[in-house]
Each structure stands twice: as structure tokens, then as C-alpha cells.
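Just below is one structure, and these are the notes that go with it.
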There are 2 protein chains.
Amino acid sequence: MRRHVLLFGLMAGVVVAVLQLIEYRWLVLAHSMEIYGALIAAVAAGVGIWLGFKLTRPAERVVVREVLVPAPTEFVRDRGQVATLGLTPRELEILEFIAAGLSNREIAERAFVSENTVKTHSGRVFDKLGVRRRTQAVQRGKELGLIP
Amino acid sequence: MRRHVLLFGLMAGVVVAVLQLIEYRWLVLAHSMEIYGALIAAVAAGVGIWLGFKLTRPAERVVVREVLVPAPTEFVRDRGQVATLGLTPRELEILEFIAAGLSNREIAERAFVSENTVKTHSGRVFDKLGVRRRTQAVQRGKELGLIP
DNA sequence: TCGCGCGTCACCCGAACGGGTGATTTTGGC
DNA sequence: GCCAAAATCACCCGTTCGGGTGACGCGCGA
């Protein structure tokens, strides 16, 4: 910007000098004032327009257009639902195992508890989810944002 | 655009007239040429700059920026998987019912077949999916894009 | 017309599941 | 330390599920 102003000043000076030089040569006429002024005005206006272009060109207006792109959102557990349903961490864990397609026995092995314990937990989960089968529990759990 | 040019010509004329008027009043000096020229140049350049702004402002550049937004893609069944697994339409239907958390009896009612038939279908589905329980079948079915 | 895939149904049996009840231990907060 | 919640385990009983086998009918293409 500052460079532009300096450049403009320099050019203006040059223009004036050139015009005066020309005048000293053959433009020594009595009423040359109008022509002289018009010339200067025209040249200066040209420079101004060019300057205007220079100044405004970088001023791009950025228009942001949002495009919907399918983005897989990673799972975030709905803590509110967990709280309102009163699900304990252990019960949620068992629900995840159930959703993974494990049998009660397999869950018992991975959770290091007895099969009876797993049955107790899963039963409580069914109660709290208001379902009667593990497949329903899985479906409901996903609906409620309890499991991925 | 044409209006702009006309306006510029008019203004230039006015400026020259005003300047001449001023000169007739009190600017009748021998070497007032430099001041006069500089004045005209400055005013004309200002007008030019303004014109430049006017001319170039509509030059907007549209930048399209893609923004990732969680967009739920509606389910499309993977026909390739269905074909390679050799799943029949009826079996897919039963798989959907299973995923919905229905018991064999409930599925039998909704599909207007006997419970035994449902068991046959579901057994075949388990075979083809390589699983041994309905919860596993649901999980696998979702993995393979067979069910939503 | 024969075979094949598909859908249908039946029976049996063992395993898994779900419901109910009761009990003990662990844990965390007051 | 005490209390409540959570977690643990057990037993019984009925239901559901899954595996295996066998069978019948229908439609379609070789």
C-alpha cells in the first residue's frame, strides 16, 4: 500500500515534468491552459484507475458454500440416558458384550465372573431397558445411544 | 458503465472550470504551473481511484469450501455380499426380524409361517454368516451391510 | 421332464436364555 | 465406622434357541 502511494507520487511528478518539458518545446500558446489541464487530468485519471484496480484486486470476497459430506461420527455415549435409566458401569459393560454377540458363558469368561453373575447383570439390564430378550436389548441400547 | 464514463467526463469538466475560476481570482502567478498541474493530477487521480473501485468491486471470487458435516447416509444393501453369501430374500427378511429383536415365534406370526420354518431359515442364515447365535448374526449382518 | 433352488413344515434334543428369589462381599460417600 | 449402592454368586424352573434330520411342493431352466 505504501509502495503504491510512493509510486503514484513519483509518477505524478514525472508526468508534470514531462508535460512542462513539452510545454517549453512547442506548447507555448496563450490559451493552452484548457488542453494542458485536460491532459493532466486524463493521464492522472488513468493512473488513478490503474491504481484503483491494483488496490481492489486482492480484495476478493470469499463466499463459503457448505457442502454436506458424509462423515462418520465416532460414538459418544449418552450419559444422560445412562443416568436416567440408572445403568451401572458393569451393566453397560455386559450390554456391550451382549451386543458383541457373546453368550453368557463367554461374557463370564471375559469379565472374570461366574455365568450366574452375568445372568444377574443382563437381567437387570433387560429390566432397565424394558426389554425381554438380548437382541431387543441390543437394538434399544443403540437407539438410546448406550452402545455404538 | 456508460453512466460512469459520462459522470467522469462531467466531473473532469467541472474540476477544470473550477480550477480556472480559481486561477482568474488569485492564482495568477508566473510559476503556478506546477501547483496547478499537481492539483489537477491529484483530483483526477482521486476520481480515477474511486472509479477503479466502482469498476472492480463486483469482481467477486467464489470459493467453495467443503465442510465435513455428519450426514446420516441412508442404508443401501450390499447386493454383492448377499450374492457371495448366497442369502435368499426370505432369509434376509428373517435376519431383519431377528435384528429387530423379535423371537422366533413373533417372527413366525409376522411372516405368516410356522415357528419351525423360522427356525429353519434362521439356522440357514447362521450357517451362511458363519455364526452360532442370533446376536452374532445381527452384528455380522451390520458389518457386511446386509441390514441397517 | 428332470433336477435344482427355494420355501415350507415337523420332530427331537441339548444348550442357552430369562425370571424369580435369596444371599454375601466390595465399594464409596457421609 | 456406617449405610447404600454395586457387584458377586447360587439355585430352580420354564422358555427359547440352535443343530440335526427328514420331508413336501412349487417354479424355473437345462
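Every chain is numbered from 1, with letters handed out A, B, ... down the list of sequences. If you're wondering where the values come from, they're calculated on a predicted model, not measured in any experiment.
- Here D:dA7 is the nucleotide among C:dG7, D:dA7, C:dG18 with the atom lying nearest to any side-chain atom of A:R90.
- Note on A:R132: a side-chain N or O is less than 4.0 Å away from OP1 or OP2 of C:dG19.
- Atom-to-atom, CZ of A:R133 to C1' of D:dT15 comes out at 11 Å; the value is rounded to the nearest Å.
- Within 4.0 Å of B:N116, counting heavy atoms only, lies at least one base atom of the nucleic acid.
- Annotation: A:R77, atom CZ; neighbour count of heavy atoms from other residues, nucleotides and ligands within 6.0 Å is above 12.
- With D:dC9, D:dA7, C:dC9 as the candidates, the nucleotide lying closest to the side chain of B:T117 is C:dC9.
- When the C1' atom of C:dG18 is taken as reference, atom CG of A:N104 falls 9 Å away, rounded to whole Å.
- Between A:I94 atom CD1 and D:dT8 atom C1' the separation is 11 Å, expressed in whole Å.
- Where B:F112 and A:K119 meet DNA chain C, the nucleotide closest to each residue was compared, and B:F112 sits on the side nearer the 5' end.
- To the nearest angstrom, C1' of D:dC17 lies 15 Å from CD of A:Q136.
- If you take CG of A:L85 and C1' of D:dA6, they are 17 Å apart, rounded to a whole angstrom.
- B:E106 has its CD atom 9 Å from the P atom of D:dT16, to the nearest Å.
- Among the nucleotides C:dT8, C:dA10, D:dC12, the one closest to any side-chain atom of B:S114 is C:dA10.
- Rounded to whole Å, the distance from CZ on A:F97 to P on C:dC17 is 14 Å.
- No salt bridge links B:E96 with B:R110; every basic N to acidic carboxylate O contact stays at or beyond 4.0 Å.
- In this structure, the side chains of B:T120 and B:R124 come closer than 4.5 Å at one or more pairs of heavy atoms.
- Between C:dA15 and A:S103, no contact under 4.0 Å exists linking OP1 or OP2 to a side-chain N or O.
- Taking the nucleotide of DNA chain C with the nearest heavy atom to each of B:P89 and B:E115, the more 5' of the two is matched to B:P89.
- Between the side chain of A:R134 and the backbone N or O of A:L102 there is at least one donor-acceptor pair closer than 3.5 Å.
- Checked against C:dC17, C:dA10, D:dG18, the side chain of B:T120 finds its nearest nucleotide in C:dA10.
- Note on B:S122: nothing from the nucleic acid sits closer than 4.0 angstrom, heavy atoms only.
- Between A:R133 and B:E106, at least one side-chain nitrogen of the basic residue sits less than 4.0 Å from a carboxylate oxygen of the acidic one, meeting the salt-bridge criterion.
- The shortest distance between the side-chain N/O atoms of A:R105 and the OP1/OP2 oxygens of C:dA16 is below 4.0 Å.
- Looking at B:R124, its side chain has no donor and acceptor atom pair within 3.5 Å of the base of D:dT21.
- A:L95 is listed as a side-chain neighbour of A:L129, based on a closest heavy-atom distance under 4.5 Å.
- The phosphate of D:dT8 (OP1 or OP2) has a side-chain N or O of A:H121 nearer than 4.0 angstrom.
- One interatomic measurement links the two molecules: CD of A:E91 to P of D:dT8, which rounds to 10 Å at whole-angstrom precision.
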